[in-house]
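Working notes for the structure below.
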Number of protein chains: 2
Amino acid sequence: MTQPKISDRQPTGGAERRGSASRREILDAAARLFQKNGYGNTSLRELANEVGMKAGSLYYHFASKEQLAIEVLGAGVKGVAQTVSARLAEAGADASASQRVSIAIRAHLDAILNDSGYTSAHIRCFPYTPAAVQTQLRNVRRTYEDIWTGLIDDLLGPQRDEPDARYLRLAVLGALNWSLEWFDPARDSAEGFAEMVERMILGATRSDEHH
Amino acid sequence: MTQPKISDRQPTGGAERRGSASRREILDAAARLFQKNGYGNTSLRELANEVGMKAGSLYYHFASKEQLAIEVLGAGVKGVAQTVSARLAEAGADASASQRVSIAIRAHLDAILNDSGYTSAHIRCFPYTPAAVQTQLRNVRRTYEDIWTGLIDDLLGPQRDEPDARYLRLAVLGALNWSLEWFDPARDSAEGFAEMVERMILGATRSDEHH
DNA sequence: GTCGATGACTAACAGTTGTTAGTTAGACTA
DNA sequence: TAGTCTAACTAACAACTGTTAGTCATCGAC
């Protein structure tokens, strides 16, 4: 009676190192719950229940809730950064600045609307996360930010205005990220929205004449 | 049972009543805390402490935390809706569609960056709020949404594409709302950002030729 | 001067939170 | 076969959550 039979749990595939399967399961579930309910409204018991564990068992895999959040949200930024980088690399070095921007728009949108949920968990949760978590994530975030800074700089050319480049970048990312709050796959088209954002950013750069 | 039944107190429909000063204080503090920490991370004890009360005393003024949130977030939408409407009315009926849009952009930005915090509390908290709260706020939100739908429809003219109007509206509001996550008064200029968003939305509409 | 309403207080409730300590079954390794 | 490692378990902790019940001082109206 001391221990119920847990013996029949054997989801461990072959490829991964032995224990890492359930660790991955926990991260996946955490990303889903963080994305849906936010960091503060996701309890470790709910998370544990989602993966068929008890809350205490999570501490075998992670040192704390904060540490778990750092891993989930960290994977989220890395994921979108990699997606965007890969698509840009695919396009080759001869792609124009505006072509590269529209590739990045679609890649970013893909990452937050279709991917596993890590990136959207990051976007939705980061601002409400404890200070320690935010500090730990600063560098990875900066890395991704720099990709966009480069894209926008190339688009605006050498005679750009510094605050304008910043505002353009933040406006575009804001428009994209906000889609997490309204996008409905049954109603909306990611490609349609991407085209609109593209039209906006290109329109804003082209219209520098009436300044 | 010396306590009289306070059960049937109304939510202060009309003009200011006698005790409404501290009630207002509570709402103000709640807006501040909701905006800063989110709904879930704001405890009633923290809120009470902010206004020099004990947690239990809040229940003299509000039936529950959810009810309090409904009032704060409700005031937030109503506030921005009123700000935008007022500025549009000021502009008169002979203002062009694009003039009206740029007025609305600045009014919305003003409401979330400079105002009392109710509107920004709404924007930052709404998605993480209990379902009951979201349901209660649906109508007020719809009312404000309709203002923007009208503005965009006028801007795009009669031969507009329906999803495009929706995407344009949501992209603009997303760009504006996202500023809550990065805007730094010491570094950024609201007017500068407003000009950028204006350039984007006008650029997107003007470029319909290459379709 | 008494009365009732106002607007706060104290103290506690029941539930939940993140977290820790100690235990145990099974699987690998020597 | 004995010993160690892995990955889960149980049970509890202290702190905190929203909420309620009951008390009490103040103050204008009669």
Side-chain angles (χ1 to χ4, degrees), chain A residues 1-14 16-27 29-30 33-34 37-72 128-130 132-133, chain B residues 1-12 16-27 29-30 33-34 37-72 128-130 132-133:
Chain A
M1 194 65 56
T2 53
Q3 194 77 347
K5 83 266 10 316
I6 50 170
S7 18
D8 46 359
R9 72 174 3 266
Q10 199 59 262
T12 20
E16 303 262 345
R17 220 181 70 242
R18 225 176 98 267
S20 65
S22 55
R23 189 185 155 88
R24 171 64 64 99
E25 262 185 85
I26 295 172
L27 288 167
L33 292 178
F34 284 164
N37 305 326
Y39 175 81
N41 300 330
T42 299
S43 79
L44 294 185
R45 282 168 179 82
E46 186 186 2
L47 169 58
N49 182 65
E50 197 86 350
V51 296
M53 280 186 187
K54 295 308 176 70
S57 309
L58 298 173
Y59 281 79
Y60 177 78
H61 300 278
F62 302 96
S64 66
K65 189 186 181 185
E66 293 195 358
Q67 200 57 47
L68 172 60
I70 290 172
E71 287 202 36
V72 170
Y128 305 93
T129 254
V133 175
Chain B
M1 216 77 57
T2 53
Q3 186 67 359
K5 19 200 62 267
I6 57 176
S7 38
D8 51 357
R9 60 179 297 96
Q10 299 114 314
T12 321
E16 302 263 339
R17 308 239 305 244
R18 226 179 94 263
S20 65
S22 55
R23 191 187 153 89
R24 171 63 66 98
E25 261 185 84
I26 295 172
L27 287 167
L33 291 178
F34 283 164
N37 305 327
Y39 175 81
N41 299 331
T42 299
S43 78
L44 295 185
R45 282 172 178 80
E46 186 185 3
L47 169 58
N49 183 64
E50 197 86 350
V51 297
M53 280 188 186
K54 296 308 174 69
S57 309
L58 298 174
Y59 281 79
Y60 178 78
H61 300 279
F62 303 96
S64 67
K65 188 186 181 184
E66 291 195 358
Q67 200 56 47
L68 172 61
I70 290 172
E71 287 201 38
V72 170
Y128 305 93
T129 253
V133 174

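In what follows, every chain begins at residue 1, and chains take the letters A, B, ... in the order their sequences are listed. Computed from heavy atoms alone, side chains included, the values below leave out hydrogens, waters and symmetry copies.
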Could you state the [atom1]-[atom2] distance from [X] to [N], rounded to the nearest angstrom?
{"X": "Lys65(B)", "N": "dT17(D)", "atom1": "NZ", "atom2": "P", "result": "9 Å"}
{"X": "Tyr39(B)", "N": "dT17(D)", "atom1": "OH", "atom2": "P", "result": "13 Å"}
{"X": "Leu33(A)", "N": "dT17(C)", "atom1": "CG", "atom2": "P", "result": "12 Å"}
{"X": "Leu68(A)", "N": "dT17(C)", "atom1": "CG", "atom2": "C1'", "result": "15 Å"}
{"X": "Ile26(A)", "N": "dA7(D)", "atom1": "CD1", "atom2": "P", "result": "11 Å"}
{"X": "Glu66(A)", "N": "dT17(C)", "atom1": "CD", "atom2": "P", "result": "17 Å"}
{"X": "Leu47(B)", "N": "dC16(D)", "atom1": "CG", "atom2": "P", "result": "17 Å"}
{"X": "Leu58(B)", "N": "dA8(C)", "atom1": "CG", "atom2": "P", "result": "9 Å"}

### Task
For Glu50(B), enumerate each residue passing the side chain to side chain donor-acceptor pair (under 3.5 Å) test, keeping only those at least two apart in sequence or located in another chain.
Arg32(B)

For the side chain of [X], counting heavy atoms from C-beta on, which of [options] is nearest?
{"X": "Ala55(B)", "options": "dT19(D), dA7(D), dT6(C)", "answer": "dT19(D)"}
{"X": "Met53(B)", "options": "dT17(C), dC9(D), dA8(C)", "answer": "dA8(C)"}
{"X": "Arg45(A)", "options": "dT10(C), dT19(C), dT19(D)", "answer": "dT19(C)"}
{"X": "Leu44(B)", "options": "dT19(D), dT19(C), dC9(C)", "answer": "dT19(D)"}

Using OP1 and OP2 only, check whether a side-chain N or O of [X] sits under 4.0 Å from [N].
{"X": "Tyr60(B)", "N": "dG7(C)", "answer": "yes"}
{"X": "Tyr59(B)", "N": "dT20(D)", "answer": "no"}
{"X": "Ser57(B)", "N": "dG7(C)", "answer": "no"}
{"X": "His61(B)", "N": "dA8(C)", "answer": "yes"}
{"X": "Ser43(B)", "N": "dT17(D)", "answer": "yes"}

### Query
Yes or no on side-chain contact (heavy atoms from CB on, under 4.5 Å) for Glu71(A) and Arg23(A), after CA distance, side-chain angles and deciding distance?
CA-CA 11 Å; Glu71(A) 287 202 36; Arg23(A) 189 185 155 88; 2.6 Å; yes

### Query
Tell me, do Met53(B) and Ile26(B) make a side-chain contact under 4.5 Å, heavy atoms counted?
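Yes, close enough: below the 4.5 Å cut-off.
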
### Task
Output, in order, the C-alpha distance, side-chain angles, deciding distance and verdict of side-chain contact (heavy atoms from CB on, under 4.5 Å) for Leu58(B) and Leu68(B).
CA-CA 9 Å; Leu58(B) 298 174; Leu68(B) 172 61; 5.6 Å; no

### Query
Reckon Lys54(B) touches a base, only the sugar-phosphate, or nothing at all at heavy-atom distances under 4.0 Å?
base

### Message
So Gly52(B), base contact, sugar-phosphate only, or nothing? Heavy-atom distance under 4.0 Å.
### Response
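Sugar-phosphate only.
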
### Message
Is there a side-chain contact (heavy atoms from CB on, under 4.5 Å) between Tyr39(A) and Glu66(A)? Walk through the geometry before answering.
### Response
CA-CA 9 Å; Tyr39(A) 175 81; Glu66(A) 293 195 358; 3.7 Å; yes

### Message
Please compare Asn41(A) and Ala63(A) by the position of their nearest nucleotide in DNA chain C and report the one closer to 5'.
### Response
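Its nearest nucleotide being more 5', the pick is Asn41(A).
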
